[in-house]
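A note on names: the letters A, B, ... follow the listed sequences, proteins ahead of strands, and every chain is numbered from 1. Values reported hereafter were calculated over all heavy atoms of this structure, with side chains retained and with hydrogens, waters and symmetry mates removed.
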Amino acid sequence: MTENPIRVRFAPSPTGMFHVGGARSALYNWALARQQDEGRFVLRIEDTDAARNKPEWTEGIIQALAWLGIGESDPHFEGPYFQSDYAEKHRETAERLYDEGRAYYCDCTREQVQERRDNPNLGYDGFCRDRGLEPGPGRALRFRVPEGGPTVVEDRIRGRVEFEHTSIEDFVVARADGSPLFVLANVVDDVEMGVNTVIRGEEHLSNTPKQQLLWEALGQAPPSWAHLPVIVNEKRQKLSKRRDKVALETYQEEGFLPEAMVNYLMLLGWAPGGDREIMPWSEMAPLFRISDVNSSSAFFDEKKLRAFNGEYIRALEADDFVERCRPWLSPEVAPWPEENYDDDVFRAVAPLAQSRVAVLSEIVANVDFLFLDEPVDDPKSWSKAMKPETGGPMLAAARERLADPALSWEPEALRAELEAAGEGLGLKLGKAQAPVRVAVTGRTVGLPLFESLELLGRERTLLRIEAAQERLRAEEAGAAPAGADAAPASTAEGTAAVE
RNA sequence: GCCCCCAUCGUCUAGUGGCCUAGGACGCCGCCCUUUCAAGGCGGUAACGCCGGUUCGAAUCCGGUUGGGGGUACCA
């Protein structure tokens with residue numbers, strides 16, 4: 001027997017941001033569509049809510065999908081379709097439901113329904129079921145839920161789920177103005193587009209019996225359903241736009257690699273087996289089985305995502321890493337004056353930074369000392385490294401040695417000089433390098449120091465050490481003898497600002 | 001309230017009656033390496049919610065319970 005090729009769909013509504021849950025859902029759908037030669041991933045933009053819909057939001061959806069590797073260039077991709085283009089079909093279908101007695105008009109207001117029902121637990125009471133109301137102003141169209149029995153949803157993740165018809169109210173399928181509701185429009189479109197497999201979030205599970213009833217009422221065999229577990233925050237609540245970090249775009253801006261994001265997202269509810277987690281999409285996608293997806297909710301763990309991202313970054317070819325960093329180095333966003341930037345210098349340091357960044361945006365803090373006029377002022381680093389007993393003396397010793405014009409300005413020699421300078425003060429290299437590092441880069445942590453100095457150059461290195469010495473002297477002169485912890489620091493900052 | 005879903009380390013998961021004194025990964029902790037920080041290497045911490053059944057045998061099957069979650073719109 002030959003199976004019909006799978007037709008899945010991804011049907012986001014434009015909201016101005018792309019939800020990570022939607023991203024996972026899209027990926028699962030995409031994996032399935034690509035497993036069959038004729039498999040199709042249908043993109044439909046559910047743009048009927050004109051009130052909150054902007055054209056650029058649709059573009060955002062397409063771009064986000066493309067970032068994930070889902071796009072128009074692939075033959076498995078179909079669309080995008082726009083729900084708004086099918087408005088006529090929606091209305092026709094609503095009429096048809098009415099004509100065939102599967103739906104009826106209702107003029108009850110919410111208040112009337114509420115007053116009438118004896119049991120506040122029930123929804124609509126079916127008051128207008130047999131009143132034979134004609135279409136007209138103020139009249140919504142309600143689906144006539146069959147009297148007996150349950151509707152059984154066969155879910156490929158959850159198995160058999162039964163909904164007694166007594167617990168499904170006669171739901172509205174079209175508003176009084178004739179416009180269709182999600183529950184109807186969604187089904188009509190799926191029928192129209194030949195969708196045979198619906199994979200979506202668990203929040204839609206309770207819509208499913210209603211939609212299945214609709215498919216049947218339209219004389220169609222319902223699709224194969226699969227409801228994915230919700231993605232939750234640390235408090236185990238569904239990730240919400242309002243309170244959680246859910247926008248794919250945000251992760252992209254921070255410098256998460258799409259490969260890492262895709263890998264991580266695939267693992268939220270599913271595992272390829274064999275104790276493997278880091279796996280490229282090309283290997284992962286063929287292994288994906290919808291029936292193997294977990295049914296319990298999954299916490300979106302950014303820590304683990306970062307770990308994955310770091311792995312992917314480290315695995316990048318050196319040149320690729322440089323290219324991927326570019327967006328954070330561009331003049332529009334970089335903190336340094338444009339003319340200070342030197343691409344050769346960046347290419348030279350990049351390999352040192354590659355194992356040190358978990359997300360690409362961190363590249364900036366790693367290399368900014370090379371392009372800034374002055375190193376950043378980080379008070380914590382300063383106070384930690386510039387202890388009175390060691391800071392000044394170490395800077396002085398370092399300056400003297402590094403100023404020697406005979407010194408060859410390369411890492412090994414620089415190391416030897418600083419080591420010797422430290423020895424003279426009874427400091428091991430670990431301690432000795434700290435004041436120099438802070439004087440030159442502004443921070444206690446960073447790239448390997450001697451390579452950094454080499455790239456910075458003798459002149460700028462010496463200038464920065466001298467500037468730091470000056471600042472130290474100013475602090476000593478200005479520091480109140482009774483000064484508390486915070487007092488010298490603020491004085492220091494004030495001094496630095498004047499410079 | 002009502003309908004529905006879910007339940008293995010802190011987290012994501014492996015596990016579909018014996019291979020489990022429960023495996024991997026992230027996190028966390030320790031050690032090594034080391035010019036800082038990373039990276040890397042080595043080691044450690046830590047889970048089958050609870051109560052009953054079924055069975056020679058249960059993380060795996062059944063019932064209950066507790067606890068989470070989703071949905072309850074003329075939103076999508």
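For the side-chain contact (heavy atoms from CB on, under 4.5 Å) with A/Val187, the lone residue among A/Gln212, A/Gln211, A/His90 that qualifies is A/Gln211. Partner of A/His227 under the side chain to side chain donor-acceptor pair (under 3.5 Å) criterion, out of A/Arg156, A/Glu202, A/Arg200: A/Arg200 alone.
A/Glu419 comes within contact range of no nucleotide atom at all, as no heavy-atom separation falls under 4.0 Å. Note on A/Ala176: a base of the nucleic acid sits closer than 4.0 angstrom, heavy atoms only. A/Phe450 comes within 4.0 angstrom of a base, heavy atoms only.
Base-pair partner of B/A59: not found among the strands shown (Watson-Crick or G-U wobble, both distances under 3.5 Å). In a base pair of the Watson-Crick type (N1 to N3 plus N6-O4 or O6-N4) or a G-U wobble (N1-O2 and O6-N3), with each distance short of 3.5 Å, B/A14 is matched with no nucleotide. Checking B/A7 for Watson-Crick or G-U wobble geometry (two distances, each under 3.5 Å) identifies B/U66 as its partner. In this entry B/C28 has B/G44 as its Watson-Crick or G-U wobble partner, both defining distances falling under 3.5 Å. Partner assigned to B/C2 is B/G71, using Watson-Crick or G-U wobble distances below 3.5 angstrom.
If you take CD of A/Glu454 and C1' of B/U35, they are 15 Å apart, rounded to a whole angstrom. Atom C1' of nucleotide B/U36 and atom CG of A/Leu447 are separated by 10 Å, given to the nearest angstrom. Look at CG on A/Leu418: it is 16 Å from C1' on B/U34, rounded to the nearest Å. Rounded to a whole Å, the CD atom of A/Glu164 is 12 Å from the P atom of B/C5. The separation between A/Leu228 atom CG and B/G71 atom P is 15 Å, rounded to whole Å. With rounding to whole Å, A/His90 atom NE2 is found 17 Å from B/C74 atom C1'. Look at NZ on A/Lys380: it is 20 Å from P on B/U36, rounded to the nearest Å. In this structure, NZ of A/Lys304 is placed 12 Å from P of B/U11, rounded to the nearest angstrom.
For A/Arg415, taking side-chain heavy atoms from C-beta onward, the closest of the listed nucleotides B/A76, B/C26, B/U35 is B/U35. The side chain of A/Leu205 approaches B/C4 more closely than any other nucleotide in the set B/C4, B/C26, B/A25. For A/Val161, counting side-chain heavy atoms from C-beta on, the closest listed nucleotide (B/C26, B/A14, B/C4) is B/C4. Of the candidate nucleotides B/C4, B/C3, B/C74, B/C3 has the atom lying nearest to any side-chain atom of A/Ser167. Set against B/G70, B/A76, B/A73, the side chain of A/Glu203 has B/G70 as its closest nucleotide. When distances are taken from the side chain of A/Asp301 to each of B/A76, B/G70, B/U11, the shortest belongs to B/U11.
Within the 4.0 Å cut-off from OP1 or OP2 of B/A14, at least one side-chain nitrogen or oxygen of A/Asn294 is found. Between A/Arg314 and B/G40, a side-chain N or O to OP1/OP2 separation shorter than 4.0 Å is present. Applying the 4.0 Å criterion to OP1 and OP2 of B/C12, one finds that A/Arg236 has a side-chain N or O inside that range. In this model, the phosphate group of B/U34 is not approached by any side-chain N or O of A/Lys428 to a distance below 4.0 Å at OP1 or OP2.
Contact annotation: side chain of A/Ser355 to base of B/A38, donor-acceptor pair present below 3.5 Å. Taking only distance into account, the side chain of A/Arg356 meets the base of B/C37 through a donor-acceptor pair shorter than 3.5 Å. Put simply, the side chain of A/Asn186 and the base of B/A76 share no donor and acceptor less than 3.5 Å apart. Remark: the A/Glu202 side chain and the B/G70 base include no donor-acceptor N/O pair separated by less than 3.5 Å.
Only the P atoms considered, B/G64 is 35 Å distant from B/A46, to the nearest whole Å. Nucleotides B/G15 and B/U72 have their C1' atoms positioned 36 Å apart, rounded to a whole Å. Annotation: B/A7 and B/G30 have their P atoms spaced 35 Å apart (nearest Å). Rounded to whole Å, the P atom of B/C12 lies 25 Å from the corresponding atom of B/G17. For B/U13 and B/C6, the C1' atoms lie 16 Å apart once the distance is rounded to whole Å. Taking the P atoms as reference points, B/G24 lies 13 Å from B/C42, given to the whole Å. Going from the C1' atom of B/U60 to that of B/G70 covers 26 Å, rounded to whole Å.
The aromatic ring of A/His204 does not stack onto the base of B/G70, failing the criterion of a centre distance under 5.5 Å from the six-membered base ring together with planes under 30° apart.
Below 30°, between 30° and 60°, or above 60°: for A/Phe300 and A/Tyr264 the angle between ring planes is above 60°, a perpendicular geometry.
Here the CZ atom belonging to A/Arg24 is positioned 11.0 Å from the CG atom belonging to A/Asn29, to the nearest 0.5 angstrom. Atom CD1 of A/Ile231 and atom CG of A/Asp301 lie 12.0 Å apart (nearest 0.5 Å).
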Checking side chain to side chain contact (heavy atoms under 4.5 Å, CB included) for the pair A/Trp281/A/Glu259: CA distance, chi angles, key distance, verdict? CA-CA 7 Å; A/Trp281 167 257; A/Glu259 304 94 303; over 6 Å; no
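Crowding of A/Lys245 atom NZ: a count of heavy atoms from other residues, nucleotides or ligands under 6.0 Å exceeding 12. Within a 6.0 Å radius of CD in A/Gln112, other residues, nucleotides and ligands contribute more than 12 heavy atoms.
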